[in-house]
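Okay, structure first, notes after.
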Amino acid sequence: MENDNLLTIRNLSVELMTARGVVHAISGVSLDIYRGNIHGLVGESGCGKSITSKSIMRLLPEGRARISGSIDFDGSKLLALSEKQMAKLRGAEISMIFQEPMTSLSPLKTARAQLEGALANHTNLSRAERRFRAENLLERVGFPRDRAKRYPFELSGGMRQRVMIAQAISCNPKLLIADEPTTALDVTIQAQILALLRDLQNEYGMSVLFVTHNFGVVSQICDRVSVMYAGNIVETAAAEELLSNPMHPYTRALIGCIPRGSGQRDRLFALPGSPPLLYEIPDACRFAPRCKYADEQCLSAPYHRTTGTHTVACHHVSADSAGGI
Amino acid sequence: MARYILRRVAAFIPALIISSIFIFFMVRLTGADPITSLQGTQRLSEESRIALTREFHLDKSLAEQYFIWIGGMLRGKFPVSFKYRQPVDRLIASRLPTTLQLVGMSFIFAVFFAITIGLICAANKNKAVDRILSAVLVLFASTPSFLLAIVLMLVFSLKLGWFPSFGAGHNFRENLYYLLLPSLSLGAAMMSLMGRVTRSRMIEELGADYVCAEIAKGTPRHVIMFRHCLKGVLIPVVTIGGLQLGGAIVGAVMVESVFALGGIGDLLIAGIKSADYPIVQSIVILMTMLFLFLNLVVDIAYTALDPRIRAERITSQ
């Protein structure tokens with residue numbers, strides 16, 4: 001499988017220097033993204049999803065973030081590249097869509113100008129060619145042609161996200177990082193954007209890292225999924241497998257939290273407690289304080305057990321008893 | 001847009017009426033007798049004193065005097081100066097070019113250095129360059145322009161002899177040379193405030209979400225700064241630039257008198273000293289008009305900079 005990886009993250013840790021001390025935002029994260037695959041990264045707010053995706057892009061503030069580990073992208077070691085080499089990759093080989101379409105577009109540029117800018121960064125096209133390509137891209141993402149000269153403040157959230165997507169795919173990237181691209185949108189627009197992303201992924205054959213906290217979205221769009229908790233990846237599997245056979249107690253709890261519109265009005269399930277603050281991290285299972293299966297051995301760090309393509313970090317899941325705790 | 005400008009110009013009328021009343025009566029509050037200060041050392045006969053008082057309408061009530069003045073101004077007729085015995089507009093006309101050139105040059109200096117320094121500081125936030133330049137900006141902000149004028153004159157004119165210490169020169173090229181030190185002293189304070197606003201706004205702007213998104217697009221840093229952020233940064237700079245330009249017309253008075261440039265400022269100070277009401281009133285009302293006009297220019301400049309403000313103006317009509 002290793003050769004089929006577009007992106008290989010090994011043992012990635014990020015420490016953020018803050019006024020209140022060092023935050024161990026993520027520790028020991030390993031992740032494989034296959035070519036042509038949509039890989040979901042799921043977890044609650046603050047678990048390190050965005051930090052992980054921003055470290056791939058190297059968008060974390062250099063003075064305040066200490067990054068260790070390795071990120072291998074299509075043969076190049078991203079963490080070893082110079083800022084200049086990295087700038088060449090950004091937007092061309094790896095591009096990114098952000099959560100907040102309201103604030104992520106340059107406010108004083110028209111929709112078309114945003115795309116022309118993206119094309120100018122990585123191509124030698126003439127002005128007229130850029131304009132032509134920009135208009136075609138807008139059309140491709142379902143953005144009405146007659147609004148190409150509108151400014152972001154004149155566009156709805158969904159339309160802005162379409163512009164973001166158009167500029168993200170403008171240079172034919174190998175990897176698209178979508179950091180909660182539908183969270184700020186209402187449900188009908190969400191579905192349209194997801195369908196668009198799925199289509200574009202097929203058409204362009206790119207890989208997608210899809211960051212979300214929504215399992216519904218995962219089931220609609222992802223091929224594989226990793227679940228994050230408090231800066232660790234606790235479980236990785238094919239999307240169907242993970243949804244039908246979750247092994248980690250945290251994954252189970254998360255899936256248990258999804259409300260089902262089945263007619264009975266039960267109390268919604270909520271996981272008790274809250275994630276640990278990541279200032280000082282003991283070498284133990286981070287979920288243990290909230291886990292109903294926790295015992296003595298959970299005080300030591302769990303190692304990842306793998307059965308086939310299903311990886312779990314939990315003492316209570318043994319290789320042979322996969323699926324049963 | 002034309003309607004917007006028209007509406008704004010219409011709003012000038014009440015502003016001008018109020019300020020004209022204010023100016024007129026403020027000047028009269030000094031209570032100095034213009035005829036006495038006019039006579040100087042020689043004694044005036046009682047007849048000529050009465051004649052002068054009548055000629056200048058000083059025997060009429062204050063309200064009447066006000067309407068005589070304002071009525072004349074509306075017909076384009078400036079009052080006659082007590083001291084110079086000529087209409088004030090003629091006095092102003094010969095001095096105005098110097099003042100305008102001084103203010104214009106100092107504003108160009110101020111804008112150029114403010115934006116350059118502000119951007120250098122923002123790009124090197126909290127590094128040594130930023131700290132030094134920021135300290136320089138604060139220093140200039142707290143130095144009165146006349147003091148800076150005296151210091152510059154001492155060093156560059158009297159010690160080093162590089163620049164003339166008085167006068168404005170006789171032709172345009174000489175003007176540029178003669179007015180260099182005065183306009184630097186007048187522009188320093190303007191530069192300081194605009195420079196600090198440029199710096200802090202640019203730092204704020206560089207922290208915005210869209211800047212991160214632009215980096216993720218692979219947009220080079222200088223393109224982000226100049227093509228994406230600068231316009232937004234310039235909006236508050238234009239605001240205070242416009243206000244300061246108005247202030248500079250007044251500030252020019254001090255610098256003109258230090259360098260003996262013979263501009264409007266000199267005329268104004270002389271007018272105040274000799275209780276020459278027509279001069280004081282006319283110059284101050286002209287400055288008011290200029291100030292209002294500059295505010296309008298600033299507001300129009302916004303529209304060019306920010307499409308959001310443009311949209312607002314079009315919909316509010």
Side-chain angles (χ1 to χ4, degrees), chain A residues 50 53-54 56-61 63 83-110 113-123 149-154 160 163-164 166-171 173 176-179 184, chain B residues 1 115 119 122-131 198 201-239 300-316:
Chain A
S50 289
S53 46
K54 282 191 173 163
I56 300 170
M57 279 295 236
R58 294 238 320 250
L59 288 177
L60 296 171
E83 184 51 40
K84 220 174 175 180
Q85 292 168 309
M86 196 61 216
K88 271 192 188 152
L89 285 183
R90 286 191 197 116
E93 307 259 307
I94 313 176
S95 56
M96 190 157 178
I97 309 169
F98 294 85
Q99 176 175 354
E100 273 301 331
M102 293 311 193
T103 55
S104 296
L105 289 171
S106 188
L108 303 178
K109 298 266 176 201
T110 62
Q114 315 261 355
L115 267 95
E116 287 169 2
L119 290 166
N121 289 339
H122 300 291
T123 64
K149 277 158 81 178
R150 296 277 178 92
Y151 290 90
F153 75 95
E154 298 171 302
R160 293 186 205 190
V163 176
M164 284 297 291
Q167 68 183 15
I169 60 166
S170 63
C171 298
L176 173 66
I177 300 173
D179 189 355
Chain B
M1 199 64 218
I115 292 176
L119 293 185
N124 299 289
K125 183 186 150 194
N126 291 341
K127 291 187 192 151
V129 204
D130 174 29
R131 303 230 161 145
T198 308
R201 275 290 295 125
M202 184 52 103
I203 287 174
E204 198 182 308
E205 199 75 6
L206 287 174
D209 284 354
Y210 77 85
V211 171
C212 184
E214 284 298 328
I215 296 172
K217 262 164 87 171
T219 310
R221 204 172 134 83
H222 63 271
V223 176
I224 297 179
M225 264 179 89
F226 287 102
R227 296 264 182 83
H228 293 268
C229 300
L230 190 58
K231 258 187 171 183
V233 166
L234 283 182
I235 290 170
V237 177
V238 165
T239 314
I300 293 170
Y302 286 158
T303 340
L305 286 170
D306 195 332
R308 283 167 290 194
I309 297 173
R310 205 179 308 151
E312 217 168 82
R313 294 222 169 120
I314 289 166
T315 49
S316 70

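Values below: all heavy atoms of this structure, side chains included; hydrogens, waters and symmetry mates excluded. The shown structure was predicted, so the numbers you read here are calculated from the model rather than taken from an experiment. Chain letters run A, B, ... following the sequence lines, proteins first and then strands; every chain starts at 1.
Partners of B/Thr303 by side chain to side chain donor-acceptor pair (under 3.5 Å), not counting sequence neighbours, listed by chain and number: B/Arg313.
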Side-chain donor-acceptor distances from residues 202-209 of chain B under 3.5 Å, at least two apart:
from	atom 1	to	atom 2	distance (Å)
B/Glu204	OE2	B/Arg201	NH1	3.3
B/Glu205	OE1	B/Arg201	NH1	3.3
B/Glu205	OE1	B/Arg201	NH2	3.0
B/Glu205	OE2	B/Tyr210	OH	2.8
B/Asp209	OD2	A/Thr103	OG1	2.7

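Below 4.5 Å, heavy atoms of chain A meet heavy atoms from B/Ala213, B/Glu214, B/Ile215, B/Ala216, B/Lys217, B/Gly218, B/Thr219, B/Pro220, all part of residues 213-220 of chain B. Of all residues in residues 223-233 of chain B, those placing a non-hydrogen atom less than 4.5 angstrom from a non-hydrogen atom of chain A are B/Arg227, B/His228, B/Lys231, B/Gly232.
Considering SG of B/Cys212 and CE of A/Met57, their distance stands at 8.5 Å, rounded to 0.5 Å. The distance from the OH atom of A/Tyr151 to the CG atom of B/Asp306 is 9.0 Å, given to the nearest 0.5 Å.
Put simply, of A/Pro152, A/Gly117, A/Ala118, A/Pro107, the one with the most heavy-atom pairs under 4.5 Å next to chain B is A/Pro107. When the candidates A/Ser170, A/Gly91, A/Pro61, A/Ser106 are compared by the number of heavy-atom contacts under 4.5 Å with chain B, A/Ser106 comes out ahead.
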